[in-house]
Colleague: 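Take a look at the following structure, please.
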Amino acid sequence: MKQTWRWFGPKDLVSIDDTLQAGVEGIVSALHHVPTGAVWTPEEIAQRQREIATMKDGAASGLAWDVVESLPVSEDIKKQQGDWRAHIENYKISLRHLAQAGIKVICYNFMPVLDWTRTDLAWRRPNGATCMRFDLTDFAAFDLFILKRPGAEADFDDDLRAAARERFNDMSGARRDELAKNVVFGLPGAAESFSLDDVRQHIAEYDSISEDRLRAHLIDFLSEVTPVAEGLGLRLCCHPDDPPVPLLGLPRIMSTEAHYAAVMNAVDRTANGITLCSGSLGARPDNDLPGIMDRWGSRVHFLHLRNVKRETGDIRGSFFEDEHLNGDADMVALIASALREEARRKAAGRADWSIPFRPDHGQDILDDQGRKAQPGYPAIGRLKGLAELRGVIAGLQYVGL
Ligand code: DNO
């Protein structure tokens, strides 16, 4: 398993030098500054490759850009509106440019409007570490009383509505603002300025798009881009919904194994693959992570290894991001399954037998605290996670799985 690390580019507070000292073997990155829908040019791709290949003092890092996360799919493609056809053509051109640059694994997601959603970005653990958290009552308070989304009442039962009202009434003005900011952090462009009106408008545009229709749009997109990717020797891999339940009345179509099966079977090619994110899928008790890896391993092109602790047994419930080997996911079983898949690929002569993974997120610990790193992406918390995961891999390899 190739030990990779997400790097946000030259502005990332965690440098390429830092990743080398964490023992990283490859880099996951994206051209975050290119507007969604536009072509990634060979020059921009080459520039990022140079940045990854070079340490601060100019020495070679020995690292390469192994995985793109993400080549984003535009809202127009998701809704099949506006410029969606031009965006699909641009996507194919970007894939061609990435293939020419030698990059083979391309992650994306198909979540409408929102990417990941949390209510807390720095939630204190008993040992003083902080982590990200999704609190369902806070989220309901946001939806009902801050966003005031039409129809939100129908999404929550009486008890949850009452608890959310009490929570909202008890919140200071500052906490209400913080909650709104945290929830929309995953929205495109939200880090700059996204008003609640913008959010309402983006959501309203999905009023007529059912789950089935959104799935049909994903399948249309994949029917076009997968053959191109396959011809170029690339592997696409769709990231799950995070959290893996419908939110804000928006359709969600990549939350369960059945969701993945529908999309994998509809475009049944190896190049149409999965980013198995144990943290996202693991927020639901009915997702069997090692089982998904056992059954769909040949299509898993990228692994996000992260662990969440669910606070209730419900499908939709609160959770927090635990340490990589704590939480509810059986990380050792998942890694064992990934190693078995690698062995199968080797036996079958697959060139892509080594599956890239990254320590996904990490708690803020030690000197991470007080730094303004990208939420979820501290240097030391991730280094600790990677070290733990590396230990599991070494142990499993020693005992021959
Ligand atoms: C969060 C990430 C996601 C992921 C995208 C992939 O930390 O795992 O934002 O990059 O959903 O398209």
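When a ligand or atom number is given, it counts from 1 through the structure's own listing order.
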Colleague: Run the salt bridge (Lys or Arg N to Asp or Glu O under 4.0 Å) test on Lys384 and Glu323 for me, step by step, so that the C-alpha distance in whole Å, both residues' side-chain angles and the decisive distance to 0.1 Å come before the verdict.
Modeller: CA-CA 9 Å; Lys384 176 182 166 212; Glu323 294 163 293; 2.6 Å; yes
Colleague: When you measure from atom 10 (O) of ligand 1 to every protein heavy atom, which one gives the shortest distance, and what is it?
Modeller: Glu69 OE2, 2.4 Å
Colleague: Over 60° means perpendicular and under 30° means parallel, so tell me whether His361 and Trp116 are parallel, tilted or perpendicular.
Modeller: perpendicular
Colleague: Starting from atom 12 (O) of ligand 1, find the nearest protein heavy-atom neighbour and note its residue, name and distance.
Modeller: Ser70 OG, 2.5 Å
Colleague: Against ligand 1, does Arg358 come closer than 4.0 Å with any heavy atom?
Modeller: yes
Colleague: Considering the options Arg358, Met331, Gln3, Arg306, which one meets the side-chain contact (heavy atoms from CB on, under 4.5 Å) requirement together with Leu389?
Modeller: Met331
Colleague: Which residue holds the protein heavy atom closest to atom 8 (O) of ligand 1, what is that atom called, and what is the gap in Å?
Modeller: His239 NE2, 3.3 Å
Colleague: So which protein heavy atom does atom 11 (O) of ligand 1 come closest to, and at what separation?
Modeller: Asp115 OD1, 2.9 Å
Colleague: Fit a plane to each ring of Phe302 and His304, take the angle between them on a 0 to 90° scale, and name the class: parallel (under 30°), tilted (30 to 60°) or perpendicular (over 60°).
Modeller: perpendicular
Colleague: Report, as yes or no, whether the 6.0 Å neighbourhood of atom CD on Glu166 holds more than 12 heavy atoms from other residues, nucleotides or ligands.
Modeller: no
Colleague: Within the distance-only criterion (no hydrogens, no angle test), does the side chain of Ser61 pair as donor or acceptor with the backbone N or O of Leu63 below 3.5 angstrom?
Modeller: yes
Colleague: What do we get for Arg6 next to ligand 1 when only non-hydrogen atoms under 4.0 Å count, side chain, backbone, both or neither?
Modeller: side chain
Colleague: Do the two ring centres, one from His239 and one from Tyr108, sit under 6.0 Å apart?
Modeller: no
Colleague: By number and element, which atoms of ligand 1 are closer than 4.0 Å to a non-hydrogen atom of His304?
Modeller: 8 (O)
Colleague: Within a distance under 4.0 Å of any heavy atom of Tyr108, pick out the atoms of ligand 1 and give their elements.
Modeller: 12 (O)
Colleague: Check whether the ring centres of Phe221 and Tyr91 lie less than 6.0 Å apart, and answer yes or no.
Modeller: yes
Colleague: List every atom of ligand 1 that sits less than 4.0 Å from any heavy atom of Met111, numbering the atoms from 1 in the order shown and giving each element.
Modeller: 11 (O)
Colleague: I'd like to check which ligand 1 atoms, numbered from 1 as shown, lie under 4.0 Å from a non-hydrogen atom of His361.
Modeller: 1 (C), 7 (O)
Colleague: Suppose I only count heavy atoms of Tyr377 and a 4.0 Å limit; which atoms of ligand 1 are within that range?
Modeller: 1 (C), 2 (C), 7 (O), 8 (O)
